[in-house]
Undergrad: 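Got a structure here, written out as structure tokens. Questions coming.
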Amino acid sequence: SDTTEASLAVQAAQAEGQRFRLLADNVPALIAYYQRSDFTCVYANSQYARTFNHDAQSIVGLTFAQVIGEEAARLIQPHVDVMLSERRTVSYVRHLEDRGRWMEVSLLPHQIGNGTVVGCFVLISDITRHRQSEIAARESEERLSKFMDASLEGIAFHRNGIITDVNGPMAAMIGSTPERLRGRFVLDFVAPE
């Protein structure tokens, strides 16, 4: 009877572990857990392990610095220190230049009892597409600005009569600068009659 119950408990725990692994390996995020005592990896989903050239088994037992590299560990250490000392989630963005990817990283403290931090959950989302969209929008704005300034015509944009942007020729016609014109009411520059 005792061995049957123990066997069923082991099977249930294994099934729960398999369900967790299936879920963790199929979410669109990199997940890892590092214990605080020696900063070694206790768990990593397959995406996290692959990103750092390991598999889910070979990454276990490696230190944080061994996984991400000494230089990256030094750069990230201030975030780790804040997470540990303030016992709060810390998020930052990291650019993996060698892979051309942008990652948003969250370090979540694992606390027990009196709030002692015993480990850290690492959650990483690939934000490369978002960053590329931001860069493309910024470049488009810069191109539009160049076209506006290259024109000999005065151009002003407004929203509800408040100037949001003007080109150089428009500012020159008025005898001002674009910076001084933004935020002004457009009819301020039109003769009352």
Undergrad: Just so I know, are the side chains of Cys120 and Arg36 near enough to count as touching, which here means a heavy-atom distance under 4.5 Å?
TA: no
Undergrad: Is Asp38 close to Thr63 at the side-chain level, that is, under 4.5 Å between some pair of heavy atoms?
TA: no
Undergrad: Keeping the roles fixed (side chain from Asn167, backbone from Ile155), state whether a donor-acceptor pair exists under 3.5 Å.
TA: yes
Undergrad: How about Tyr48 and Ile59: do any of their side-chain heavy atoms sit closer than 4.5 Å?
TA: yes
Undergrad: Can you see which heavy atom on Pro169 is nearest to which on Glu153, and at what distance?
TA: CB-O, 3.8 Å
Undergrad: Linking I/L/V/M/F/W/Y whenever any side-chain heavy atoms sit under 4.5 Å apart, do Leu75 and Phe52 land together?
TA: no
Undergrad: Walk me through it: do Gln35 and Thr40 pass the test side chain to side chain donor-acceptor pair (under 3.5 Å)?
TA: CA-CA 6 Å; Gln35 62 189 14; Thr40 57; 3.1 Å; yes
Undergrad: To the nearest 0.5 Å, tell me how far His79 NE2 sits from Ser91 OG.
TA: 10.0 Å
Undergrad: What's the separation between atom CD1 in Ile68 and atom CD1 in Ile76, rounded to the nearest 0.5 Å?
TA: 3.5 Å
Undergrad: Return yes if some donor-acceptor pair links the side-chain N/O of Asn45 with the main-chain N/O of Ile31 below 3.5 Å, else return no.
TA: yes
Undergrad: For the backbone of Ala136 and the side chain of Ser140, can you confirm whether one donor and one acceptor N or O come within less than 3.5 Å of each other?
TA: no
Undergrad: Can you name the nearest heavy-atom pair linking Arg101 to Thr128, along with the distance?
TA: CA-OG1, 3.3 Å
Undergrad: Mind telling me whether Phe64 and Tyr34 have parallel, tilted or perpendicular rings, with 30° and 60° as the class edges?
TA: perpendicular
Undergrad: Side-chain contact test, heavy atoms from C-beta onward, threshold under 4.5 Å: evaluate it for Val122 versus Leu107 and give yes or no.
TA: yes
Undergrad: In Å, rounded to the nearest 0.5 Å, how long is the span from CZ of Arg131 to NE2 of His95?
TA: 9.0 Å
Undergrad: Test Leu123 against every option in Thr89, Val105, Leu108 by the side-chain contact (heavy atoms from CB on, under 4.5 Å) rule and name the one that passes.
TA: Leu108
Undergrad: Please answer whether the main-chain N or O of His54 pairs with a side-chain N or O of Ser58 as donor and acceptor at a distance below 3.5 Å.
TA: no
Undergrad: Linking I/L/V/M/F/W/Y whenever any side-chain heavy atoms sit under 4.5 Å apart, do Leu187 and Met173 land together?
TA: yes
Undergrad: For the residue pair Ala56 and Ala49, what are the closest heavy atoms and their distance?
TA: N-CB, 3.7 Å
Undergrad: Would the number of heavy atoms belonging to other residues, nucleotides or ligands and lying under 6.0 Å from CZ of Arg180 be above 12?
TA: no
Undergrad: Measure the CZ-OG distance between Phe189 and Ser176 for me, rounded to the nearest 0.5 Å.
TA: 6.5 Å
Undergrad: How about Asn160: does its CG atom have over 12 heavy atoms from other parts shown lying under 6.0 Å from it?
TA: no
Undergrad: Can any side-chain N or O of Ser133 pair as donor or acceptor with the backbone N or O of Arg129 at less than 3.5 Å?
TA: yes
Undergrad: CZ/Arg87 to NE2/His110 distance, rounded to the nearest 0.5 angstrom?
TA: 13.5 Å
Undergrad: Just wondering, more than 12 heavy atoms not from Glu179 lying within 6.0 Å of its CD?
TA: yes
Undergrad: Going only through I, L, V, M, F, W and Y residues with side-chain contacts under 4.5 Å, is there a path from Ile124 to Val93?
TA: no
Undergrad: Starting at CG of Leu181, measure out to CG of Asp188 and round the result to the nearest 0.5 Å.
TA: 10.0 Å
Undergrad: Given side chains that start at C-beta, do those of Trp102 and Asp126 come closer than 4.5 Å, heavy atoms only?
TA: no
Undergrad: Should Ile162 and Ile174 be regarded as members of a common hydrophobic cluster, given that ILVMFWY residues are connected when their side-chain heavy atoms come within less than 4.5 Å of each other, either directly or indirectly?
TA: yes
Undergrad: Quick check: is Met103 connected to Met83 through a chain of hydrophobic side chains (ILVMFWY, heavy atoms under 4.5 Å apart)?
TA: yes
Undergrad: Between Arg50 and Asp55, is a salt bridge (Lys or Arg N to Asp or Glu O under 4.0 Å) present by the stated rule, with each step listed?
TA: CA-CA 6 Å; Arg50 274 196 312 269; Asp55 60 46; over 6 Å; no
